[in-house]
Protein chains: 2
Amino acid sequence: MSTSPAKSAPDGDSIQRLPPRERILAAACELFYRQGIRAVGVDAIAEAAGTNKMTLYRHFVSKDELVAEYLRRLWDEKSSVWTRLAAEHPSDPRGQLQGWLEEAARHVTDPTSRGCAIANAAIELPEKNHPARCVIEQCKQDSRARLVAVCREAGITQPDLLADQLFMMLEGALVCTQSTGRSGPAEHFVRAGQALIDAHSR
Amino acid sequence: MSTSPAKSAPDGDSIQRLPPRERILAAACELFYRQGIRAVGVDAIAEAAGTNKMTLYRHFVSKDELVAEYLRRLWDEKSSVWTRLAAEHPSDPRGQLQGWLEEAARHVTDPTSRGCAIANAAIELPEKNHPARCVIEQCKQDSRARLVAVCREAGITQPDLLADQLFMMLEGALVCTQSTGRSGPAEHFVRAGQALIDAHSR
DNA sequence: TAATTATGTTACTGACCGGTAACACCCCAT
DNA sequence: ATGGGGTGTTACCGGTCAGTAACATAATTA
């Protein structure tokens with residue numbers, strides 16, 4: 001039990017002062033997302049974290065478990081986005097839905113984006129027994145459920161239908177940016193999403 | 001839209017009579033699609049093709065080139081689907097569009113599907129210089145252009161918008177089946193796609 | 001200060017990776 | 001029969017992979 005260090009301003013120097021486990025996880029997030037999970041070795045992660053492979057294996061029993069933890073961390077971040085949307089639009093599910101679309105659009109149009117890390121992991125790790133599998137499924141089901149809930153609270157007549165339409169559209173837009181780039185079908189994401197919301201609002 | 005490898009299922013005997021290059025390509029299609037590109041080694045492909053690594057390298061200069069050829073083969077199959085749709089619905093772009101949706105739905109609901117092999121490759125191979133990259137981009141741009149053309153010929157007022165909506169929806173549905181399975185958002189793919197077509201038809 | 005714990009360092013294992021060299025073989029055409 | 005081209009076989013290369021053992025050092029805590 002100790003006072004956990006502040007996570008403010010993780011500039012190049014202060015990130016080095018974070019505990020090794022956090023540095024390893026941060027390095028894994030960056031490398032796994034940018035290069036792909038299978039393309040990154042544990043040595044590269046340890047080096048990017050300013051440590052070594054032994055310390056990595058003292059904190060994670062295997063690379064697969066590190067991958068699972070990496071995805072859990074991403075799930076947490078997605079959850080915090082929902083929390084933030086609820087705080088920015090209190091008692092306004094309509095505004096939350098609109099905020100979700102804006103947040104999604106930001107992700108789709110981000111030139112540095114490499115798509116949805118969870119979806120990418122799902123494609124990279126088809127093995128049914130992989131410890132990351134349950135994290136992937138739970139995270140996506142959770143995201144879907146939250147979107148359905150917001151649609152329902154917003155008074156949408158067919159909340160699960162609209163939610164799934166938006167969900168598919170976002171997943172599709174993100175994967176499209178990885179094949180045709182941002183000049184592909186994804187450039188119509190906002191218009192398409194708004195049209196769906198509008199169509200369900202009459 | 002058939003985005004998965006051939007299902008012609010040549011039986012174990014007749015496949016042995018094909019020239020080695022075709023057997024290697026067929027084995028590569030199956031293994032790359034089922035397990036992922038990075039997860040499959042050239043030895044495994046050669047063995048599955050009933051030959052050896054030397055013969056493989058006599059027909060393909062490198063694994064990366066084999067991957068590119070694998071994707072070119074998939075592109076050809078996608079093109080043949082468009083040809084078939086045109087033949088099944090001559091002078092009936094409306095029917096072609098409807099046929100596209102049915103074909104896409106077949107792929108989305110196929111329990112053996114592992115999503116779109118091209119999109120999966122795009123995610124697995126983020127490196128800008130990979131020889132497969134141009135195949136991926138060209139194939140996806142071609143698919144998009146064909147869908148736009150059919151929408152235009154069908155008299156849709158905003159053909160590129162509908163095409164992109166359908167495109168994103170399909171890509172999203174396919175990637176969703178790889179994370180949440182077929183019980184996820186993808187179960188609304190047909191309804192969503194039909195609603196989009198109907199909305200653009202008024 | 002002393003003991004404990006976390007971390008760093010080096011070297012190693014065994015397996016696999018993509019790719020190649022050398023040579024034996026077999027079938028088909030001349 | 002006699003090439004010759006395509007194929008099979010074996011062994012190898014250098015490199016990387018995930019994961020571990022042993023030991024030295026720093027940081028923490030009692």
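These numbers come from a predicted model, not from an experiment. Here is how names work: the chains are called A, B, and so on, in the same order as the sequence lines, proteins then strands, and each is numbered from 1.
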Query raised in the report: Whole Å only: how far is the CD1 atom of A/I24 from the P atom of D/dG19?
Result: 14 Å
Requested in this report: Go through C/dT9, C/dT7, D/dA18 for me and flag the one nearest to the A/N52 side chain.
Outcome: C/dT9
Query raised in the report: Taking the side chain of A/K63 as heavy atoms from C-beta outward, which of C/dT20, C/dG8, D/dG19 is closest to it?
Result: D/dG19
Report summary line: Side-chain atoms of A/H59 come closest, of C/dT7, D/dA18, C/dT20, to C/dT7
Query - A/E47 CD to D/dT16 C1', straight-line distance once rounded to whole Å - result: 14 Å
**Report entry** Nucleotide D/dC17, atom P - distance to CD of A/Q35 in whole Å
**Finding:** 11 Å
Requested in this report: Measure the distance from CG on B/L56 to C1' on D/dT7 and round it to the nearest whole Å.
Outcome: 13 Å
Query raised in the report: How far apart are the closest heavy atoms of A/A39 and A/Q35, and which atoms are they?
Result: CB-O, 3.2 Å
Requested in this report: Over all heavy atoms of both residues, which pair between B/F189 and B/A105 is shortest? Give the atoms and the distance, please.
Outcome: CE2-N, 3.7 Å
Query raised in the report: Picking from D/dT9, C/dT9, D/dT20, which would you name as closest to the side chain of A/R58?
Result: C/dT9
Query raised in the report: Does B/T51 place a side-chain N or O at less than 4.0 Å from the phosphate oxygens OP1/OP2 of D/dG8?
Result: yes
Query raised in the report: Which part of the nucleic acid, if any, lies within contact of A/V61, taking any heavy atom under 4.0 Å across all strands shown: a base, the sugar-phosphate backbone alone, or nothing?
Result: nothing
Report summary line: To the nearest angstrom, the OH-C1' distance between A/Y57 and C/dT9 comes to 17 Å
Query raised in the report: C/dT10 P sits how many Å from A/D43 CG, rounded?
Result: 14 Å
Query raised in the report: A/M54 has a side chain; which of C/dG8, D/dG8, C/dT9 sits nearest to it?
Result: C/dT9
**Report entry** Integer-rounded Å distance: D/dA11 P and B/K53 NZ
**Finding:** 13 Å
Requested in this report: Return the value, rounded to whole Å, for the distance between atom CG of A/L18 and atom C1' of C/dT7.
Outcome: 16 Å
**Report entry** Closest to the A/V42 side chain, choosing from C/dT7, D/dA18, C/dG18
**Finding:** D/dA18
Report task. Between C/dG19, C/dG8, D/dG8, spot the one nearest the side chain of A/R23, thanks. Result -> C/dG8
Query raised in the report: If only side-chain N and O atoms of A/T55 are considered, is one of them under 4.0 Å from the OP1 or OP2 phosphate oxygen of C/dG8?
Result: yes
Query raised in the report: Does B/L170 reach the side chain of B/C116, with side-chain heavy atoms less than 4.5 Å apart?
Result: no
Query raised in the report: In terms of heavy-atom contacts, does CD of A/Q141 have more than 12 from other residues, nucleotides or ligands at under 6.0 Å?
Result: yes
Report summary line: Heavy-atom nearest pair, B/G184 first then A/D164, reads O-OD2, 4.5 Å
